[in-house]
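Note on naming: letters A, B, ... go to the chains in the order of the sequence lines (proteins, then strands), and numbering restarts at 1 for each one.
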There are 2 protein chains.
Amino acid sequence: MGVEEKSQAMSPQTPSKERLRLWLRMLRVTRQVEAELREKLRVQFDSTLPRFDVLAALYRHAEGLKMNELSRQLMVSNGNVTGIVSRLVEDGYIDRIAIEGDRRATRVCLTELGRAAFAEMAEAHEVWVNELLDGVTEEDAHHMGELLHRLPAEPGAAR
Amino acid sequence: MGVEEKSQAMSPQTPSKERLRLWLRMLRVTRQVEAELREKLRVQFDSTLPRFDVLAALYRHAEGLKMNELSRQLMVSNGNVTGIVSRLVEDGYIDRIAIEGDRRATRVCLTELGRAAFAEMAEAHEVWVNELLDGVTEEDAHHMGELLHRLPAEPGAAR
DNA sequence: GCTTAAAATTTTAAGCTTGAAGTATTCAAC
DNA sequence: GTTGAATACTTCAAGCTTAAAATTTTAAGC
């Protein structure tokens, strides 16, 4: 492996304004969509995006998740999860359940109330997203999804 | 204009899982890239993304911006801008300048220190983004940028 | 069994973010 | 010129977010 051969091998491509422009555009679109979703969640369900995210993760895991796993799935700090979960517990949407054989960890699980509340929100959420991304055809959506699939390039490498 | 004619007219397309999947993927990539950029800004420049954003907006407008305009450009609340600007003023990166003939408004402007500091950060920032989006060819970046250009569909319509 | 390191979580301080309420200031209409 | 709405901004309370420190519990080596 003496010399670079193909495009894959010499990872850092020509630095381009094109990728910077793409990033700024993704950032703008993401922020705008998030702002609209937040507003709708607030007005129609008196809720927030972080709460929605936590409920969504737990909805996909009926057996519940450890705080640890929740934090990793949502890509937020563990201290952050503690706060959001605490408020959701207060509201009766989720339960903290002791884990047998390890008193350090806690499993968090949707209550019936939480499950029902999320199901309703999720339905509306899917419609909202489709409206907001209306300008993208199903085909383009698929194509972009594929391109985004393995981004960003392995974090931690190539510094 | 009695009846819908082409695809543009009948805006709500078939609701698809494909657009929802695209949204979730954009969200994931955006969060991950933002996390890496935040970390680098923190470690290498002892700064944050919101501060970088404010400096960037002011860098593009040598004549300065009103708090109002800053808030609109960054798509954040005006109360938010007040806080970030206050801290940047304390650090000597920007100045508040009175506006002649309107004592309600303030113009905010980079100091020499701020301009120099941002120039340095911006250079590193461009490299970081290129590394993080290394998996996207320049051509794909251009294509995706075009698709994102007019998203989301006019906010406020089609509810 | 003791000691030490590792793991899971919470707490803390600081900053970011919002929506709403509050404070000046300007503008428009009379 | 006074009143009243509109504009520009700040303040406020609540929640989100992080990194770092602290707490509790488990696991490993001796």
Side-chain angles (χ1 to χ4, degrees), chain A residues 27 30-32 34-55 57 64-91 93-94 96-108, chain B residues 27 30-32 34-55 57 64-91 93-94 96-108:
Chain A
L27 203 50
T30 302
R31 281 187 187 174
Q32 211 163 331
E34 271 193 305
E36 305 242 13
L37 293 178
R38 172 176 40 240
E39 167 76 0
K40 286 169 186 297
L41 275 178
R42 184 177 67 85
V43 170
Q44 295 187 29
F45 295 102
D46 190 27
S47 191
T48 68
L49 277 172
R51 289 166 68 103
F52 182 84
D53 290 343
V54 167
L55 295 179
L65 288 171
K66 291 198 295 181
M67 295 296 281
N68 221 350
E69 304 170 325
L70 203 43
S71 154
R72 224 174 316 119
Q73 289 224 3
L74 303 180
M75 297 197 290
V76 300
S77 70
N78 39 11
N80 188 357
V81 174
T82 297
I84 302 171
V85 163
S86 297
R87 282 180 285 273
L88 285 170
V89 169
E90 279 177 25
D91 294 347
Y93 284 179
I94 65 186
R96 288 185 212 259
I97 298 172
I99 287 188
E100 316 246 341
D102 191 343
R103 282 185 297 181
R104 294 170 300 181
T106 320
R107 199 157 49 83
V108 204
Chain B
L27 204 49
T30 303
R31 280 186 188 173
Q32 211 164 331
E34 271 193 305
E36 305 243 12
L37 293 177
R38 172 177 39 239
E39 168 76 0
K40 286 169 186 295
L41 273 179
R42 184 177 68 84
V43 171
Q44 295 188 28
F45 294 103
D46 189 28
S47 191
T48 67
L49 277 172
R51 289 166 69 102
F52 182 84
D53 290 343
V54 166
L55 295 180
L65 287 171
K66 291 197 294 180
M67 295 295 282
N68 222 351
E69 304 169 324
L70 203 42
S71 154
R72 224 175 315 120
Q73 289 223 5
L74 304 180
M75 300 197 288
V76 300
S77 69
N78 39 11
N80 189 357
V81 175
T82 297
I84 302 171
V85 163
S86 297
R87 282 180 285 273
L88 286 171
V89 169
E90 279 178 25
D91 294 346
Y93 284 178
I94 63 186
R96 289 184 212 260
I97 299 173
I99 287 188
E100 316 246 342
D102 190 345
R103 283 185 297 180
R104 295 170 300 182
T106 320
R107 199 156 49 83
V108 199

Verify the contact: side-chain N or O of [X] to OP1 or OP2 of [N], cut-off strictly under 4.0 Å; return yes or no.
| X | N | answer |
| --- | --- | --- |
| A/N80 | D/dC16 | no |
| B/R107 | D/dC9 | no |
| A/R87 | D/dC16 | yes |
| A/R42 | C/dA20 | yes |
| A/N68 | C/dA8 | yes |

For the [atom1] atom of [X] and the [atom2] atom of [Y], what is their distance to the nearest 0.5 Å?
| X | Y | atom1 | atom2 | answer |
| --- | --- | --- | --- | --- |
| B/R51 | B/L49 | CZ | CG | 11.5 Å |
| A/T48 | A/R42 | OG1 | CZ | 11.5 Å |
| B/E69 | B/R107 | CD | CZ | 10.0 Å |
| A/M75 | B/L27 | CE | CG | 7.5 Å |
| A/I94 | A/L55 | CD1 | CG | 7.0 Å |
| A/E39 | A/E34 | CD | CD | 14.0 Å |

In whole angstrom, give the distance that lies between atom [atom1] of [X] and atom [atom2] of [N].
| X | N | atom1 | atom2 | result |
| --- | --- | --- | --- | --- |
| B/I84 | C/dA14 | CD1 | C1' | 14 Å |
| B/R38 | D/dT18 | CZ | C1' | 7 Å |
| A/I99 | C/dA7 | CD1 | C1' | 12 Å |
| B/R51 | C/dA14 | CZ | P | 15 Å |
| B/L70 | D/dA8 | CG | P | 14 Å |
| A/R72 | C/dA8 | CZ | P | 8 Å |
| B/L49 | C/dT17 | CG | P | 9 Å |
| B/E36 | D/dA19 | CD | P | 12 Å |

What's the closest nucleotide to the [X] side chain, out of [options]?
| X | options | value |
| --- | --- | --- |
| B/A105 | D/dC16, D/dA8, C/dC16 | D/dA8 |
| B/T48 | D/dC9, C/dC16, D/dC16 | C/dC16 |
| B/P50 | C/dT18, D/dT25, C/dC16 | C/dC16 |

Listed range with range, the stems formed with DNA chain D by at least 3 consecutive Watson-Crick or G-U pairs (under 3.5 Å) are C:1-30 with D:1-30

Report which part of the nucleic acid [X] touches: base, sugar-phosphate, or nothing (heavy-atom distance under 4.0 Å, all strands).
| X | result |
| --- | --- |
| B/R96 | sugar-phosphate |
| A/E39 | sugar-phosphate |
| A/N78 | base |
| B/E34 | nothing |

**Message:** Checking the side chain of A/S71 only, and the main-chain atoms of A/V76 only, is there a donor and an acceptor separated by less than 3.5 Å?
**Reply:**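 Yes, the answer is positive, given that a donor and an acceptor are paired below the 3.5 Å cut-off.
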
Please answer whether the main-chain N or O of A/T82 pairs with a side-chain N or O of A/S86 as donor and acceptor at a distance below 3.5 Å.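 Looks like yes, one N/O pair under 3.5 Å.
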
If you assign each of B/S86 and B/D102 to its closest nucleotide in DNA chain D, which residue comes earlier from the 5' end?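 Counting from the 5' end, the first nearest nucleotide belongs to B/D102.
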
Closest to the 5' end of DNA chain D, once B/K66 and A/G83 are matched to their nearest nucleotides, is B/K66

Check: When only distance counts, do a donor and an acceptor, one from the side chain of B/R103 and one from the base of C/dT25, lie under 3.5 Å apart?
Finding: no

